[in-house]
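Working notes, beginning with the structure itself.
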Number of protein chains: 2
Amino acid sequence: MSSAQRLPTMADVAERAGVSPSTVSRTLRGLPTVSPEVRARVEKAARELNFAVSRQAASLVTGKTGVVAVLVPTLNSWFMGSALSSLGPLLRAAGMELTVYVISDMSERTAFFEHLPARRNADALAVFGFDLTDEETVRLDDLGMPVIYVSQHAEGRPSVYVDDVDGACKATRHLLNLGHRRIAFAPTVGASGFCFSSRERLLGYRQALTEAGIPIDDDLVVTMSLEDRRGITQGVGKLLSLREPPTAIFAEMDELAIAIIHSLRKARIQVPERISVIGFDDHQVAEWTDLSTVAQSPSDMGRLAGELALQLIQDSDTGHTRHIVLPTHLIPRGTTAPPPVPRREGDSEDERA
Amino acid sequence: MSSAQRLPTMADVAERAGVSPSTVSRTLRGLPTVSPEVRARVEKAARELNFAVSRQAASLVTGKTGVVAVLVPTLNSWFMGSALSSLGPLLRAAGMELTVYVISDMSERTAFFEHLPARRNADALAVFGFDLTDEETVRLDDLGMPVIYVSQHAEGRPSVYVDDVDGACKATRHLLNLGHRRIAFAPTVGASGFCFSSRERLLGYRQALTEAGIPIDDDLVVTMSLEDRRGITQGVGKLLSLREPPTAIFAEMDELAIAIIHSLRKARIQVPERISVIGFDDHQVAEWTDLSTVAQSPSDMGRLAGELALQLIQDSDTGHTRHIVLPTHLIPRGTTAPPPVPRREGDSEDERA
DNA sequence: GTGAAAGCGCTAACAT
DNA sequence: ATGTTAGCGCTTTCAC
């Protein structure tokens, strides 16, 4: 079991191998200036002693910590899980550690930006999906390390994100092309004030409607919290109680779309026969539940963010202001269909409860 | 933006405040032996210089790294997301960092256990949901730090987990109590050879059947991979093509249950009228989709694991071999119901395709 | 190709 | 209550 025994140091390895500590250091870092036979001896000694280099001591002199930090609003979402599941192994392969700062409420957020615990404890920071204030962004600027913005953009700073406006546009256009004219948008809210780009998606929704010459109706935009189920039922109720209810709902994310569909079906409103529903993400469950959606790839984002981070650590000037924009794809599936009664422009009298 | 400027050291703060570095150290660590006025001066200087203590340097002398490491098979699951979302802020509040080792395939697993990168780089390690070999467990023993096993148990080592056998028993008994006699069990497989306790849940399933005097039929146990949808359709097909198909399916986890239900409904087999389905976890979507399930609380597990880790770091003897077993709860919802034709013992001739 | 020596930034005795 | 001193374990000149 674990015990407080002293761990072997480089000096121990050196002694055992009959060389100097410097040589051990050189060997273990794979520097070429070590003769093969000495290298072998050192490696053997290190293995026998179960030696591991102390990052702490090393970083004290190199100035590099060997860790990449990420700042995330939650870990409990498909998006973050996928992104970090690709980022983690990538960093590992590069010999880096991943430290995670989870900020789940406002007080944690304030504390983070006040103390900046990542300072001096990481070589780069990747900030995921926060809707940062200008002050917060500026605060990160003097963190003394490269900061990469992921699933969001910051002007003049390296960013990796999808074109949410465009993606939302695609979703909305798909509904329009099916013949829908009354299309609702359902954004969500998170606790720590973060946004998985709901703002941008709203923009795309509006843009597509405007393109199609359809007036914006703010009654059709209903925020629903994923935290409690009541919220969703109420939100859906709000839409169903409109004088002219929507024939289609565009949910900000798949999880919400699933919940909305369930709420509708419980109320015996058939999807997609009566109301179409489309999500955003292409979450795993979207496939299982045959949900139409707009796909984005968080694992690609994680990977690209990681690569960018490593690159910036090596040379903080390259790609200093680089923006990587990833594509989105419409995935039409079984929850979208033409509206119940095909309507032409102008005959909006034709109504059904 | 970020730049390579030298970060201020304690000496800088000391100079600015007109005191010695030791005093700065004492002040910043909140030791009581500092006069209020000096404390104020030091804090002011530190703030002005935007100073942050280097964990690296501190840990070099204290021997504590100030980080808790976790080893996880993936981050892309409801379970892990929930667990770490509670563990993270807890550690943060204790002034600790969280570093994450994601091991998503066999080669990464091998590499981890060979090099043990956490050695010397953390004060404690929490291992989540792996089905470790004895060798691996022993290897972790001489990591030189407390190791906490979460969502699994290791004999004689601190562990936090739910009684999966009991939970699975509850799920199975619920189906039995509804009158089901042909009950299938659907485990999943993950990539890195980890198991979210599928083994234990199988045991519980069998135990409940045995209790009820129902013979075990291995044809009713069909492993389904969540990675691809085909696998699920095929798995469901396997069950439906049995000479005597099940009237109920117990899925190892909610995600799988959802996929199975969808597969059944697509095939026009009504759930729960024709076949009942129950999951395990009480995943968020379980509520949205009205899935019967057995609840466990990964956030409780994360929290308890974190608390145990902190405690073991302080005093590696306390609770050295402590096992914390968390409860599970049956959550009956809309996907379980009595079987289509109530059957009594003996009249198993009464059959319907 | 290898060793000796000088720190990296901090904390922990020990003085005062 | 504060300052002085001596390292923590490693990397990095600089000699050889």
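By convention in this document, chain letters (A, B, ...) are assigned in the order of the sequence lines, proteins followed by strands, and residues within each chain are numbered from 1.
- Residues satisfying the side-chain hydrogen bond (donor to acceptor under 3.5 Å, both in side chains) test with A:Asn121, not counting sequence neighbours, are B:Gln56.
- Using a cutoff of 4.0 Å between basic side-chain nitrogens and carboxylate oxygens, B:Glu135 and B:Arg139 are not scored as salt-bridged.
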Given side chain to side chain donor-acceptor pair (under 3.5 Å), test B:Ser104 with B:Glu108 step by step and report yes or no. CA-CA 7 Å; B:Ser104 54; B:Glu108 282 167 18; 3.1 Å; yes

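- Partner of B:Asn76 under the side chain to side chain donor-acceptor pair (under 3.5 Å) criterion, out of A:Ser77, A:Ser85, A:Ser82: A:Ser82 alone.
- Contact detail for B:Arg55 and B:Gly66: the closest heavy-atom pair is NH1-O, 3.7 Å.
- Inter-residue side-chain proximity for A:Phe128 and A:Leu87 is flagged as met; some heavy-atom pair is nearer than 4.5 Å.
- When rounded to the nearest whole Å, the span between CG of A:Asn121 and P of C:dG9 equals 14 Å.
- Listed here is the closest heavy atom pair of A:Thr74 and A:Val102: CA-CG1, 4.1 Å.
- In the region residues 10-22 of chain A, proximity to DNA chain D at under 4.0 angstrom, judged on heavy atoms, holds for A:Met10, A:Ser22.
- If you check the side chains of A:Ser25 and A:Arg29, you find a donor sitting under 3.5 Å from an acceptor.
- Over its length, the helix from C:dG1-D:dC16 to C:dT16-D:dA1 turns its helix axis by 30°, as judged from the five terminal pairs at each end, rounded to 10°.
- Across all strands, B:Arg26 comes closer than 4.0 Å to base atoms (heavy-atom distances).
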Could you go step by step and tell me if A:His323 and A:Tyr161 meet the side chain to side chain donor-acceptor pair (under 3.5 Å) rule? CA-CA 8 Å; A:His323 278 217; A:Tyr161 54 95; 3.1 Å; yes

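- Salt-bridge annotation for B:Arg47 and B:Glu43: absent, with no side-chain N of the basic residue lying under 4.0 Å from a carboxylate O of the acidic one.
- Rounded to an integer number of Å, the gap from CG of B:Leu31 to C1' of C:dA12 is 11 Å.
- Reading DNA chain D from its 5' end, the first and the last nucleotide to sit under 4.0 Å from a heavy atom of chain A are D:dG9 to D:dT12.
- A sub-4.0 Å separation between OP1 or OP2 of C:dT2 and a side-chain N or O of A:Ser35 is present.
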Test B:Asp123 against B:Met145 for side chain to side chain contact (heavy atoms under 4.5 Å, CB included), laying out the working first. CA-CA 6 Å; B:Asp123 297 336; B:Met145 65 180 80; 5.9 Å; no

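- In the displayed structure, A:Glu15 atom CD is contacted under 6.0 Å by at most 12 heavy atoms of other residues, nucleotides or ligands.
- Contacts with DNA chain D (heavy atom under 4.0 Å) in residues 50-66 of chain B: B:Leu60, B:Val61, listed by number.
- For residues 21-67 of chain B, the set of pairs meeting the ring-ring contact (aromatic ring centres under 6.0 Å, His included) definition, not counting sequence neighbours, is empty.
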